Undergrad: 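Input: one structure, supplied below.
So that the names make sense, note that chain A is the first sequence line, chain B the second, and so on, each numbered from 1. What you are looking at is a predicted structure, and each value in this text was computed from that prediction instead of being measured.
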Amino acid sequence: MIDLRALREDPERLRASQRARGEDEAVVDRLIDLDERRRSALSRFESLRAEQKSFGKSVSKAKGPEREALLARAKELAQQVKQAEAEADRLEGELAELLKTVPNIIEDGAPAGGEQDYVVLEHVGEPPSFDFTPRDHLELGELLGAIDTERGAKVSGARFYYLTGVGTRLQLALLNLAMDQAIEAGFVPMYPPLLVKPEAMDGTGFLGAHAAEVYRLPDDDLYLVGTSEVPLAAYHMDEIIDDLPRRYVAWSSCFRREAGSYGKDTRGIIRVHQFDKVEMFSYCTLEDSHEEHLRLLEWEKQMLAKVELPYRVIDVAAGDLGASAARKYDCEAWIPSQNTYREVTSTSNCTEFQARRLSVRHRDDSGKTRPVATLNGTLATTRWIVAILENHQLADGSVRVPKALQPYLGGQEVLEPVR
RNA sequence: GGAGGGUUGGCCGAGCGGUAAGGCAGCGGCUUGCUAAGCCGUCGUCAGGGACACCUGCGUGAGUUCGAAUCUCACACCCUCCGCCA
């Protein structure tokens, strides 16, 4: 949710942001108009209400015929108050609804445009060159006895899979490595709830354009989280935090319906309904948020270095940010079988957008409460297995284990085919 | 699934139909001194609106009433107990 007061002072800022996102600029004028009408309706109601209250006091003191006269006037007032309140409530509701559709204002410097308009910030590492035809991750996974998508489909349907044997161990190794890195950096480790109430899901900004992506349990009015960003952002809902920054790292499963992605990435475990992820989450001041964002990106790069993957960093374009983010950097690892880079991490600065919706605040130097800034970033996911298997494969279908992962795999240096 | 209790300012908490006690914290001042304590004080404190004087807001929504934190109904959430289940 954006700040209405700030909007009143500088509507041009939101206009520019909407333009860069390729979204409707006219909402700015509609917001301002609604806001003005709401405030005048509220004033009208409040002055009537004040009059009614003081009238009530004189009624309580009056006696006899004087009281009767006052009562008659008070009844009239009561009618007017009721009407004025209804009008103010109506406009308030209308404004709130419109406000919910407005995405965060982008950070200065975020590239304008849509999905294709990202800017590549850097390349790290070299894509491997093979003197044999590289296998894709599913073929490797099957050779190693690491991935079973056939039985995943049998039991749960398309886009489900089993990690088996060394695949399971590899995931545990990867996610533990990520947890350990974050804990060492001072993050508080968390295991969050994965079913959340509507206000948590909505407050995080996932029930807008992305509502179709979210699994919902109608009998219980709960949502399955698509990322632990949701329970981590809602963790301090309705609180005032005074010791900023706060950094949390959570390990969780993530559930996504992948509606509208029919036919995309149907092979293997690139795009699945359920996967595991280690996610960093920071609460800090708005002023610190830009620096914190770069720190999160740095931690992501550290992890990618540990698993020895070649990747590039992109500055995601405004139109592809999602509602909550003001700026987003993705790290994309090289995927040999696809001859392209695919997203393996994503870090967003949501500035005050989520905190305002969730009512997470801190006290500034003057003692006033202000929304905090929230940021998130990926440290590892199931999808990383794809990149690790493919980039570190050898001619015979075995896979070299990156040094940093070896201690987590009982010292194994190479994963060998089981058939 | 059933029964009961609860929801009041940053925190605790009174209020039971007529302007929302009190305490803690906070802030300002003073005193004594020191891993801080005591005293005094007052207006402010959280949110929204505003002519910056004030006003509105007691979980949410309806109702009763001239007037609702207070009475009625519905809903949400939290807690306890019982039942069922892992």
Undergrad: Check A:Arg342, A:Arg383, A:His137 against A:Ile335 for a side-chain contact (heavy atoms from CB on, under 4.5 Å) and give me the one that passes.
TA: A:Arg342
Undergrad: Taking the same atom, P, in B:C24 and in B:C77, what whole-Å distance lies between them?
TA: 36 Å
Undergrad: Looking only at atom P, what distance separates B:U60 and B:A68, rounded to whole Å?
TA: 15 Å
Undergrad: Taking a pair as Watson-Crick or G-U wobble with both distances under 3.5 Å, which nucleotide is matched to B:U80?
TA: B:A3
Undergrad: Return the value, rounded to whole Å, for the distance between atom CE of A:Met237 and atom P of B:G59.
TA: 18 Å
Undergrad: Mind checking the C1' distance from B:G23 to B:U80? Whole angstroms is fine.
TA: 27 Å
Undergrad: Please report the distance separating the P of B:C16 from the corresponding atom of B:U72, rounded so that it comes out in whole Å.
TA: 15 Å
Undergrad: Can you tell me how far P of B:G59 sits from CD of A:Glu199, to the nearest Å?
TA: 17 Å
Undergrad: Heavy atoms under 4.0 Å, any strand shown: does A:Arg44 hit a base, just sugar-phosphate, or nothing?
TA: nothing
Undergrad: Under 3.5 Å for both donor-acceptor distances, Watson-Crick or wobble: does B:C73 have a partner, and if so which one?
TA: B:G61
Undergrad: For B:G26 versus B:C79, give the span between their P atoms, rounded off to a whole number of Å.
TA: 30 Å
Undergrad: Between C1' on B:G10 and CD on A:Glu239, what's the gap in Å once rounded to a whole number?
TA: 12 Å
Undergrad: Whole angstrom is fine here: how far is it from NZ in A:Lys197 over to P in B:C75?
TA: 17 Å
Undergrad: In this structure, how many angstroms lie between the C1' atom of B:G48 and the CZ atom of A:Phe45, rounded?
TA: 12 Å
Undergrad: Tell me the partner of B:U45, counting only Watson-Crick (N1-N3 plus N6-O4 or O6-N4) or G-U wobble (N1-O2 and O6-N3) with both under 3.5 Å; none if nothing fits.
TA: none
Undergrad: Using a heavy-atom cut-off of under 4.0 Å over every strand shown, decide if A:Arg37 touches base, sugar-phosphate, or nothing.
TA: nothing
Undergrad: Whom does B:C85 pair with, Watson-Crick or G-U wobble, provided both distances fall under 3.5 Å?
TA: none
Undergrad: Quickly, which of A:Leu163, A:Thr382, A:Leu405 forms a side-chain contact (heavy atoms from CB on, under 4.5 Å) with A:Leu170? Name it, please.
TA: A:Leu405
Undergrad: Counting only side-chain nitrogens and oxygens, does A:Arg361 get under 4.0 Å of the OP1 or OP2 atom of B:C46?
TA: no
Undergrad: Between A:Asp35 and A:Asp238, just flag the one whose closest nucleotide in RNA chain B comes earlier from the 5' side.
TA: A:Asp238
Undergrad: Would you mind reading off the distance between A:Met1 atom CE and B:G48 atom P, rounded to a whole angstrom?
TA: 10 Å
Undergrad: For B:A21, which nucleotide in any strand shown is its Watson-Crick or wobble partner with both distances under 3.5 Å?
TA: none
Undergrad: Quick one: are A:Tyr341 and A:Ile314 in side-chain contact, heavy atoms under 4.5 Å?
TA: no
Undergrad: Any side-chain donor paired with an acceptor under 3.5 Å for A:Thr227 and A:Lys277?
TA: yes
Undergrad: Just wondering, are more than 12 heavy atoms of other shown residues or ligands nearer than 6.0 Å to CZ in A:Arg151?
TA: no
Undergrad: Checking salt bridge (charged side-chain N to carboxylate O under 4.0 Å, His left out) for the pair A:Lys100/A:Asp202: CA distance, chi angles, key distance, verdict?
TA: CA-CA 10 Å; A:Lys100 263 173 64 175; A:Asp202 191 39; 3.5 Å; yes
Undergrad: Measure CD/A:Glu92 against C1'/B:A47 and give the value in whole Å, please.
TA: 11 Å
Undergrad: Looking at A:Arg400 and A:Glu308, does any basic side-chain N land under 4.0 Å from a carboxylate oxygen?
TA: yes
Undergrad: Does any nucleotide pair with B:C30 by Watson-Crick or G-U wobble geometry, both distances under 3.5 Å, and what is it?
TA: B:G38
Undergrad: Can you check the distance between B:A25 and B:C78, where both ends of the measurement are the C1' atom (answer in whole Å)?
TA: 25 Å
Undergrad: Please give, in whole Å, the distance from B:C75 P to A:Asp221 CG?
TA: 15 Å
Undergrad: Roughly how many Å apart are B:C11 and B:U65, using the C1' atom of each and rounding to a whole number?
TA: 35 Å
Undergrad: More 5' along RNA chain B: A:Arg5 or A:Ile240, using each one's nearest nucleotide?
TA: A:Ile240
Undergrad: Between B:U56 and B:G50, how far is it from one C1' atom to the other, in whole Å?
TA: 11 Å
